[in-house]
Each structure stands twice: as C-alpha cells, then as structure tokens.
Protein chains: 2
Amino acid sequence: MISDRQAKERERRKDQILKGALTVFKEKGLEKATMDEIAKQADFGKATLYYYFSSKEEIFIELLDRGWKMIWESIEPALEDHEQPKESFMQALHIIGGLVTDNKTLFEFLFTAPQMMPGALMEGKPVWKNYQNKMYGVFQGLLEEGMAKGEFPEMQSDIMMRAIGGLFHGLFFLGHGKKRMSRETMEEFITSFIGNYGNS
Amino acid sequence: MISDRQAKERERRKDQILKGALTVFKEKGLEKATMDEIAKQADFGKATLYYYFSSKEEIFIELLDRGWKMIWESIEPALEDHEQPKESFMQALHIIGGLVTDNKTLFEFLFTAPQMMPGALMEGKPVWKNYQNKMYGVFQGLLEEGMAKGEFPEMQSDIMMRAIGGLFHGLFFLGHGKKRMSRETMEEFITSFIGNYGNS
DNA sequence: TTAAATTTCGACCCGATATTCGAAACATAA
DNA sequence: TTATGTTTCGAATATCGGGTCGAAATTTAA
C-alpha cells in the first residue's frame, strides 16, 4: 500500500537520481558512466538505484523521455494556430531557445544523446523518439504550409530542416561556450536565413 | 634493422588496421567497439593489433590525427592568399565539401568522434585538436579580414562561425541520410546565408 | 510498542573484454 | 643452411563494472 505522500517522495528520489545521472552521462557518455559514480553523484547507494530503476539504460531512456516530453509540451501551444505558419515556426524556435539557455546541460544531453546510443536502445519505438518525430514533423509541416501561403520562399523543406537544425545547434552548442546566445541573436540569424534564402 | 621496404609494409598494415577500426568505430562507437571485432574486420589476429598500436585508444586517436591532418593539408593551399578572403573562404568550404562527399564514413567519424570521447583522451593537447583549432582560427580570420575589406557584411565573426559550422554539419549529416548533399546545394546555402545576412 | 512494509546499502558475483604471453611462422642475410 | 630478427596469433590473465543478495535501517500503521 503506497500512500499519496509516499508516491511523491518516490518521485522526488527518482528526480534526484536522474539529476545525478544527467551530470555523469553528460561528462562521460553512456558507456563510461558507471553506476557507482551515478550513485555517488546522486548521494545514494548503488543498489538503491536498482530499487528505482531496473538498469542503467532505463535511467538513460527516462532522462530522454522526460526531456523530450517537456520540449514538446512547451512548444505545443504555439503550434496550434495553423493560420500563420511562419509566426508559429518562429515562436516555437523562440521557445526552445529559451529552454536551452535556461537549461544548457539538459539540452546538450538531449541533443547529443543519440550519438552515444547503441542501436539496441532504439528498439520498441521509445517515447522520446515519438516526441522528437512529432516535433520535426510539425516544423517541416509549418515550413511547407508557409511556402504554400507565400510566407516562406520556395525551398526543399527537408533540406531546409537540416540546415535550420544544424544552424540552431551550432548557435547554441558549438564553440567554447564562453558566450551565451541571446534569444534575439538567434532569432535574427534564423529570420535572416529563412527570410533571404532564394532572394539572391 | 628496418629496411625501407619493411617500413612501407608496416605502414600498409597500420593503414589496414586503421581502416578496419574506422568501420567498427563508426558502427559501434569507441566503447562498444571490441578489439576482437576490429581484428576480424582488419583480418589480423587480435594480438597483432597490439604489435602495431599500444591500445584501443591509440588507434582511435591515430584515426583522428590522420583525418584532421588530411583536412588541413587539403585546404591549406586555398588559405594562403589573403588578398581575397571571401574567395578563400568559399574555396576551402568547397574543398571540404568535396572531401566529405567522397569520404562520408571517415568524415562522419571525424566530426562526431568528440562526442564519443571521454575527457581523458583530450589530455596532452592531441595532434588532431591542433589542426582543428588551426582550421577554425583561419576561417574566423578570413571572415574578419573579409569584413574589413567589405567582402562580407559586418557581423560577429565568432557567432557566425558557429552558425556556419552548424549549418554545414546539418546539411551533410543530419536527417536520415537518405539523400546526398551535392556540393552545389551546399555552396548555394552557405553563399546565400553569408551573402544575405545583415541585408534584411 | 511492535510487527509489517518500505527503503537503503555494501559486499559479492560473474560475464565481457582489454591487454599480455610465449611459442610458432616467416623473412632476411651470412 | 642456419642464425637472427620480425611478424603473427590463440590462449591465458587481469580488470572493470553492471547487476544481485540478504541483511540492516527506517517508516508506517495498529
């Protein structure tokens, strides 16, 4: 029998473990991260981690699931209005940019985690992948609708998606990270890029 | 006593091992790649790998060192002429784009390897990092000289570097890799981006 | 207070895999 | 041919680290 109070406490401990795991994963990657180190970081014994999670991979996956769910839920409202695709597009990017600057460690993890993942972890259509696909799908859809409405210049939407994804990633994560990227600067870059492509 | 003929033969075998290692590293990542598998791929016994290299990490590092050295030496000639920064810049990008399309596996490895590297491997200022830094430095220098000469619009060169790096990476490596990125398309994107930024 | 349920933990187990060893195969040169 | 150096390899070793266990600590509820 688990009381309401206990359930909340459990959640808090899971969070604590997840937070410790994030630190270690980000620093060492999935393979080099040891359960002992995660346990130390989270201030629990190793066996306790196994009381809350069934494996190292599960911790990793849960981190991704929660992260992408959070991203999706943050931008979803901005995506509902299909009347002004360009506006929705920019607004969503703006929101993500905000999340990223507030939460650099988490997002660096979310965006680079796929590279540390062996194929096995992708079995069973993981939750986070659904959110990611939904997000990319909507962005590309907005790009296409925007073109149809003349809000964007004509372009190959899939290639443009790659370009924008890379651009976004570069702005926020490349370089020595000394300087912070302001929302304004980001918006300026993307707008300029999208707005002017094809006009030259 | 090592004859000239023998030295060359040795090099050839190292290449053979490196080539096998690249295949495995690219598929499995640094940690999941096993020496047994690399040995099988390179068609040598496992112990032989240790005759030519002292550890798995050394193989990994050597791959990076040679790769970045190759990139640097390919673009260096194009970078010598400081009279036309924009021209040099575009030419260098063009060269790298060519290398990438001809050698996708290697470059995907070179550009994503940092993500699979535990911090320990970065000790001792590795050779490849020097080449990488030199390259980024020169690119940024060209951007700045180009601005001074009025060949580029005014911009923050470091941020622009990040943007172009990300854009480049996105164009070539993001997405499901179904479609190939042609040199023409890449050049069109970058030119358009650089050419139009700031004009809006 | 006390018994049951929940939570915590260090020590252990065990498979995977990097690295070493020593002997065999091969090449070279006298 | 034979002695010396070079290259190859499979078997043996050593280490590391994920996951388990059972006992102890703590909390809950009567």
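Quantities reported herein were computed from a predicted structural model and do not represent experimental measurements.
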Under 4.0 Å between any heavy atoms, over every strand shown, what does B/Ser54 touch: base, sugar-phosphate, or nothing? Just pick one.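 Nothing, no nucleic acid heavy atom in range.
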Base, sugar-phosphate or nothing for A/Tyr52? Non-hydrogen atoms, less than 4.0 Å.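 Sugar-phosphate only.
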Residue pairs passing the salt bridge (Lys or Arg N to Asp or Glu O under 4.0 Å) test where at least one lies in residues 53-62 of chain B, sequence neighbours excluded: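 The answer is B/Glu62-B/Arg66.
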If I take atom CZ in residue A/Arg13 and atom C1' in nucleotide D/dT26, what distance separates them, rounded to the nearest angstrom?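 Checked: the CZ to C1' distance equals 10 Å.
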Please work out which of the three classes, parallel, tilted or perpendicular, describes the rings of [Y] and [X], given edges at 30° and 60°.
{"X": "B/Phe152", "Y": "B/Phe89", "answer": "perpendicular"}
{"X": "A/Phe107", "Y": "A/Phe111", "answer": "perpendicular"}
{"X": "A/Phe44", "Y": "A/Tyr52", "answer": "tilted"}

Check whether any side-chain nitrogen or oxygen of [X] sits under 4.0 Å from OP1 or OP2 of [N], and answer yes or no.
{"X": "B/Arg10", "N": "D/dT7", "value": "yes"}
{"X": "B/Tyr51", "N": "D/dT8", "value": "no"}
{"X": "B/Thr48", "N": "D/dT7", "value": "no"}

Using a cut-off of 4.0 Å between protein heavy atoms and nucleotide atoms, how would you tag nucleotides 11-17 of chain D 5' to 3' with B, S and -? ------S
Would you say the side chain of B/Leu99 lies within less than 4.5 Å of the side chain of B/Ser74, judging by non-hydrogen atoms?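 Yes, side chains in contact.
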